[in-house]
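Predicted model, so just to flag it, every value in this text is computed and none were measured.
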Amino acid sequence: MKPTISIVVAIFNRKDELFELLNSLNSQTDKDFEVIIVDDGSLIDLQPTIHQFEEILNIKYFKKTNSGPGLSRNYGAKRASNDWLVFVDSDVIVEKDYIENIKNDILTISCDAFGGADKAHKGFNLMQKAISYSMTSVFTTGGIRGNKKAVSKFQPRSFNMGVKKEVFEKVGGFSEMRIGEDPDLSMTLWENGFTTAFFDTIAVYHKRRVDFGKFSKQVYQFGCARPILNQRHPNYVKISFAFPTLFLLGYVLGFIEYFILGKGFILSLFGLYTFMVLTHATIVTKNIAIGAMAVISTYIQMFSYGYGFLKSWTLLNVLKMKPEDAFPKHFHKV
């Protein structure tokens with residue numbers, strides 16, 4: 001018996017992205033699923049977009065006051081009818097066999113929750129492709145976002161994540177965290193004895209931020225969230241989480257070495273790193289313009305995340321502040 005699927009989407013304002021997502025869901029080879037849209041207090045009317053798909057998709061639409069993505073997904077999960085909850089971000093597009101592949105993988109790979117990779121669509125603009133590269137490259141903290149070797153300890157992310165509904169309910173769903181709520185859920189699942197897996201057949205096209213300024217703010221917030229997650233889940237702390245901060249401090253040290261000692265050894269290492277990113281990104285994307293922009297987005301990612309991590313680690317571990325006091329906007333008061 002094939003598993004039953006409920007797609008849950010928490011959304012704030014992104015009307016155009018919602019249309020593209022629903023359009024891709026309407027093209028599925030397997031039509032047996034429901035879609036639950038949770039409008040998290042949008043300032044624009046999303047219902048005209050929903051109406052275009054009401055007769056061709058099994059779709060439910062709910063609007064509520066703003067609480068952040070995690071609690072909005074919980075709201076949608078409570079109204080889901082099926083055995084598996086599949087969470088996707090509103091700015092993704094899925095392949096035609098997305099639902100079909102999910103069902104096949106669930107039947108062949110034993111797990112309580114799963115995740116998939118993300119990649120850049122050929123229709124994305126150059127900046128989106130550059131940002132996608134920096135978030136998924138082996139030269140950055142993004143790595144390759146899952147592979148078959150990591151199948152039993154993959155940390156699903158909410159842009160492409162599935163959980164058994166009964167398991168989701170047992171752990172209480174997403175926490176009150178507004179940022180970092182998805183790795184928080186993954187580690188909570190592990191702590192309660194549940195298993196996660198990586199499905200390599202269900203990658204989504206993830207648009208992400210459309211300019212470097214927004215991207216910088218986003219990854220800065222991710223950096224701030226990581227020490228909070230480390231504090232909540234100490235058994236899953238990795239030294240690699242601090243790599244962007246070490247990268248940032250190394251860059252500063254390189255300039256100190258150059259201007260005080262007149263040597264540029266450290267900066268030469270960064271020059272080599274830049275060349276490697278440029279070369280690899282150009283080869284992967286087959287476009288030198290994207291490769292050049294990927295260098296910029298990679299440094300933005302490393303510096304912004306690294307600074308956020310350093311600031312958060314200092315506030316939490318040196319000044320001994322509570323996460324809710326240090327970063328009140330990261331939490332929704334329930």
Side-chain angles (χ1 to χ4, degrees), residues 1-11 21 25 28-38 57-60 62 67-90 92 94-95 97-118 145-148 150-177 180-204 229 232-233 235-236:
M1 183 176 179
K2 282 196 173 185
T4 55
I5 303 293
S6 294
I7 303 288
V8 180
V9 184
I11 184 170
L21 169 58
L25 289 172
Q28 292 300 298
T29 54
D30 186 331
K31 304 286 187 181
D32 187 16
F33 62 95
E34 70 174 354
V35 183
I36 298 175
I37 306 297
V38 182
L57 283 173
N58 179 9
I59 190 168
K60 300 175 183 177
F62 304 94
S67 64
L71 297 187
S72 292
R73 296 188 193 105
N74 291 351
Y75 184 95
K78 290 179 180 178
R79 289 152 179 81
S81 305
N82 294 321
D83 298 332
W84 282 84
L85 306 170
V86 175
F87 302 100
V88 296
D89 282 354
S90 57
V92 306
V94 300
E95 293 276 17
D97 55 0
Y98 182 71
I99 298 295
E100 181 181 351
N101 286 338
I102 285 177
K103 292 182 179 181
N104 290 336
D105 285 342
I106 287 174
L107 292 174
T108 56
I109 302 175
S110 178
C111 64
D112 300 299
F114 63 84
D118 63 330
R145 299 223 158 200
N147 56 58
K148 291 183 178 180
V151 86
S152 63
K153 213 62 178 177
F154 179 65
Q155 198 173 95
R157 298 303 175 96
S158 56
F159 61 80
N160 188 12
M161 178 183 197
V163 190
K164 287 180 181 175
K165 187 179 180 183
E166 62 176 352
V167 169
F168 187 80
E169 292 172 343
K170 284 180 180 178
V171 300
F174 290 98
S175 70
E176 75 284 3
M177 293 184 71
E181 76 286 350
D182 40 359
D184 182 53
L185 174 59
S186 293
M187 289 181 280
T188 298
L189 290 169
W190 295 341
E191 289 164 351
N192 283 272
F194 297 113
T195 59
T196 61
F198 174 73
F199 291 175
D200 67 346
T201 63
I202 64 164
V204 300
L229 293 168
R232 292 167 73 101
H233 307 282
N235 290 333
Y236 300 106

Quiz item: What is the distance from atom CD1 of Ile7 to atom CH2 of Trp84, rounded to the nearest 0.5 Å?
Solution: 12.5 Å
Exercise. Verify, without hydrogens or angle tests, whether Asn74 (side chain) and Gly173 (backbone) share a donor-acceptor contact under 3.5 angstrom.
Key: no
Quiz item: Would Asp89 and Arg73 pass as an ion pair if we require N to O under 4.0 Å?
Solution: yes
Quiz item: Which pair of heavy atoms, one from Ala117 and one from Phe198, lies closest together, and at what distance?
Solution: N-CE1, 3.6 Å
Quiz item: Of Asn192, Asp182, Leu229, which meets side-chain contact (heavy atoms from CB on, under 4.5 Å) against Met187?
Solution: Leu229
Quiz item: Do you know the tightest heavy-atom contact between Ala80 and Leu85?
Solution: CB-CD2, 3.5 Å
Quiz item: Taking atom OG of Ser110 and atom CG of Asp112, what is their separation to the nearest 0.5 Å?
Solution: 7.0 Å
Exercise. First locate atom CZ of Phe194, then atom NZ of Lys164, and finally report the distance between them rounded to the nearest 0.5 Å.
Key: 8.5 Å
Quiz item: Which pair of heavy atoms, one from Asn101 and one from Thr201, lies closest together, and at what distance?
Solution: ND2-O, 3.2 Å
Practice problem: Evaluate the side-chain contact (heavy atoms from CB on, under 4.5 Å) criterion for residues Asn235 and Glu191: first the C-alpha distance (whole Å), next the side-chain angles of each, then the deciding distance (0.1 Å), finally the verdict. | Solution: CA-CA 9 Å; Asn235 290 333; Glu191 289 164 351; 5.6 Å; no
Exercise. Determine the minimum heavy-atom distance between Lys165 and Lys78, stating which atoms define it.
Key: NZ-O, 4.3 Å
Quiz item: What pair of heavy atoms forms the shortest contact from Val38 to Gly76, and how long is it?
Solution: CG2-CA, 3.6 Å
Quiz item: Quick one: does Thr4's side chain get under 4.5 Å of Glu34's, heavy atoms only?
Solution: no
Exercise. Determine, step by step, whether Asn104 and Lys2 satisfy the side-chain contact (heavy atoms from CB on, under 4.5 Å) criterion, reporting the C-alpha distance in whole Å, the side-chain angles of both residues, the deciding distance to 0.1 Å, and the verdict.
Key: CA-CA 8 Å; Asn104 290 336; Lys2 282 196 173 185; 4.0 Å; yes
Practice problem: Write down the atom of Met161, the atom of Ser186, and the distance for their closest heavy-atom approach. | Solution: CE-OG, 4.0 Å
Practice problem: With the side chain counted from C-beta on, respond yes when Ser81 and Lys60 share a heavy-atom pair under 4.5 Å apart, and no when they do not. | Solution: yes
Self-check item: Pair Glu181-Leu71, side-chain contact (heavy atoms from CB on, under 4.5 Å): steps then yes or no
Solution: CA-CA 9 Å; Glu181 76 286 350; Leu71 297 187; over 6 Å; no
Exercise. Report the C-alpha distance between Val171 and Val163 in whole Å, list the side-chain angles of each, state the deciding distance to 0.1 Å, and finish with yes or no for side-chain contact (heavy atoms from CB on, under 4.5 Å).
Key: CA-CA 11 Å; Val171 300; Val163 190; over 6 Å; no
Quiz item: Can you tell me how far CG of Asp32 sits from CG of Asn58, rounded to the nearest 0.5 angstrom?
Solution: 8.5 Å
Quiz item: Between CD of Gln155 and CG of Asp184, what distance do you get to the nearest 0.5 Å?
Solution: 9.5 Å
Quiz item: When the aromatic ring centroids of Tyr98 and Phe33 are compared, is their separation below 6.0 Å?
Solution: no
Exercise. Evaluate the ring planes of Phe199 and Phe114, with Trp represented by its six-membered ring, and classify them as parallel (under 30°), tilted (30 to 60°) or perpendicular (over 60°).
Key: parallel
Practice problem: Check whether any side-chain N or O of Glu100 sits under 3.5 Å from a backbone N or O of Thr29 as a donor-acceptor pair, and report yes or no. | Solution: no
Quiz item: Does any non-hydrogen side-chain atom of Val88 lie less than 4.5 Å from one of Leu21?
Solution: yes
Self-check item: Approximate separation, where rounding is to 0.5 Å, of Lys31 NZ and Leu57 CG
Solution: 7.5 Å
